[in-house]
Number of protein chains: 2
Amino acid sequence: MMLTMSTEQLSPTSFLVLGLLAREGPSTPYELKRHVAETLGVIWSFPHALLYAEPPRLVAQGLATEDHELTGRRRRTFSITDEGIESLQAWLERPARESTELRDVGLLQLLFANVGSRDARHQIATDQLSIHRGKLAGFEQSETTEVLKGRPVPANDKPQQWRGQALRMGVLYERAAVDFWEGVSLGVAAEEAATVRSGREDVTHG
Amino acid sequence: MMLTMSTEQLSPTSFLVLGLLAREGPSTPYELKRHVAETLGVIWSFPHALLYAEPPRLVAQGLATEDHELTGRRRRTFSITDEGIESLQAWLERPARESTELRDVGLLQLLFANVGSRDARHQIATDQLSIHRGKLAGFEQSETTEVLKGRPVPANDKPQQWRGQALRMGVLYERAAVDFWEGVSLGVAAEEAATVRSGREDVTHG
DNA sequence: GGGTACATGTAATCAGTTACATGATTTA
DNA sequence: TAAATCATGTAACTGATTACATGTACCC
């Protein structure tokens, strides 16, 4: 007899939920949502509806079990099964070949910024700068302060450490993004200066 | 009288196609695919089926027109309409509030790496390092060399410039990623060393 | 003249997104 | 007790992914 055919159509979302169930123990979708919001969610958004939809799928595949509260809020608590853990571990051993998806509509706009007005370019750069600066400020404290300082990574609390890592990547990315958009801003400013010097004041095209 | 109600349900994919049609002129889906592969595609993947499916949607909304070749390959060539250009420009003026989606399954694995073996952690870090180093090498030349050196951005060729920008962000990101995963590698190595020192040689050592 | 890589497209499925809707707690 | 916010879910739609499938050009 064969073991399981599981791990067949599991998505990143599936492994996110499996991983959380494995690490945090039995959880309701709302608790999953909370944990995601604190960690991966800051760089890779998972709408809460997903975290309600995914656990039942796992149950259908025998990777989790459900416990439905009968009173009050009628919460649904999900737990990972042994198969679930196996599946998760098998996935951890399997090298991820895909490289990062860096989906950024600001970048997409920049790509075609020449079709818009010079003013639009200016606006795009400004908006993006404030977005990325905001993000950076946001978790430069929550990460550095909370994870690295508040708790000096007690070496035996590995889970914490690995979790902090994910946020560190976010910080690195946001720093790069701020640098990048500052450069773009300078470019736009230079462009404006050049236009003014050369006396042209045609509004619509760059 | 109102102008148009367009720009209502357009996705990033829509604007990608509109932008390419605006910049490159009438194109077949295959040509779109080529252009995407050269630029945004390296950091934000758009499967080719998307680029076949999107143009007809734009046609249905009056943002593009189709010209179907009757002989040989029966190519379908799409052109942007005036409404399409308006829609694109309106979108460029509209600030993008969403921040970057940084979807990386390597990071997701790292997040739960403590559930796996130490060996798995090592493997993850190694794999990711080679992926990101590969990407970096890949377009550190294609970008820096081709865009910045080969053609010294002749100031009047703005489109080129803006396109190059998108790739520059990719380079910055990959550099950050390499730094990050090098750090993780060190962490894993330290963990291994610590385990060896403390004499435990459990698990997978045959 | 057969293989192989490029070119071109379609179909089915399903995850993901958006929107809606309401229940429970807290606070003013 | 009203308002606000947190908590909990479901339903519909559709874009995205995957898989399939065939045509055309080129090269050995």
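This is a predicted model, so every value here is computed, not measured. Below, chains carry the letters A, B, ... as their sequence lines are ordered, and counting in each starts from 1. In what follows, every heavy atom counts, from backbone to side chain, and hydrogens, waters and symmetry copies are set aside.
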Is there a side-chain polar atom (N or O) of B:Thr13 under 4.0 Å from OP1 or OP2 of D:dG15?
no
Going through the checks in order, is the side-chain contact (heavy atoms from CB on, under 4.5 Å) test met by B:Leu107 and B:Trp181?
CA-CA 10 Å; B:Leu107 226 40; B:Trp181 288 104; 3.9 Å; yes
Within the pair B:Arg76 and C:dT8, is there a side-chain N or O less than 4.0 Å away from OP1 or OP2?
no
Rounded to the nearest angstrom, tell me the gap between atom CG in A:Leu32 and atom C1' in D:dT8.
13 Å
Close approaches to DNA chain D from residues 45-54 of chain B, in residue order (heavy atom, under 4.0 Å):
B:Pro47, B:Ala49, B:Leu50
Interatomic distance, B:Lys33 NZ vs C:dG9 C1' [rounded to whole Å]
11 Å
Report the residues that fulfil side-chain hydrogen bond (donor to acceptor under 3.5 Å, both in side chains) with A:Gln123, sequence neighbours left out, ordered by chain and then residue number.
A:Asp127
Could you tell me how far apart A:Glu66 (CD) and D:dG9 (C1') are, to the nearest whole angstrom?
12 Å
With sequence neighbours left out, the residues meeting side chain to side chain contact (heavy atoms under 4.5 Å, CB included) with A:Val36 are A:Leu16, A:Leu20, A:Phe46, A:Leu51
Contacts of B:Glu101 that satisfy side-chain hydrogen bond (donor to acceptor under 3.5 Å, both in side chains) - sequence neighbours left out:
A:Ser45, B:Arg103
Whole angstrom is fine here: how far is it from CZ in B:Arg57 over to C1' in C:dT10?
14 Å
Side-chain contact check for B:Thr28: nearest option of D:dA16, C:dT8, D:dT10 is C:dT8
What nucleotide among C:dG9, D:dT10, C:dA15 has an atom nearest to a side-chain atom of B:Pro29?
C:dG9
If I take atom CH2 in residue A:Trp44 and atom C1' in nucleotide C:dA15, what distance separates them, rounded to the nearest angstrom?
13 Å
Rounded to the nearest Å, what distance is computed from the CG atom of residue A:Leu10 to the P atom of nucleotide C:dG16?
11 Å
Please report the distance, rounded to the nearest Å, between CZ in B:Phe15 and C1' in D:dG15.
15 Å
Within a strict 4.5 Å, meaning less than it, do heavy atoms of the A:Ser87 and A:Leu18 side chains meet?
yes
Quick one: side-chain hydrogen bond (donor to acceptor under 3.5 Å, both in side chains) partners of A:Ser27, sequence neighbours excluded?
none
List in chain and number order the residues that pass side-chain hydrogen bond (donor to acceptor under 3.5 Å, both in side chains) with B:Glu54, two or more places apart in sequence or in another chain; answer none if no residue qualifies.
B:Ser14, B:Arg57
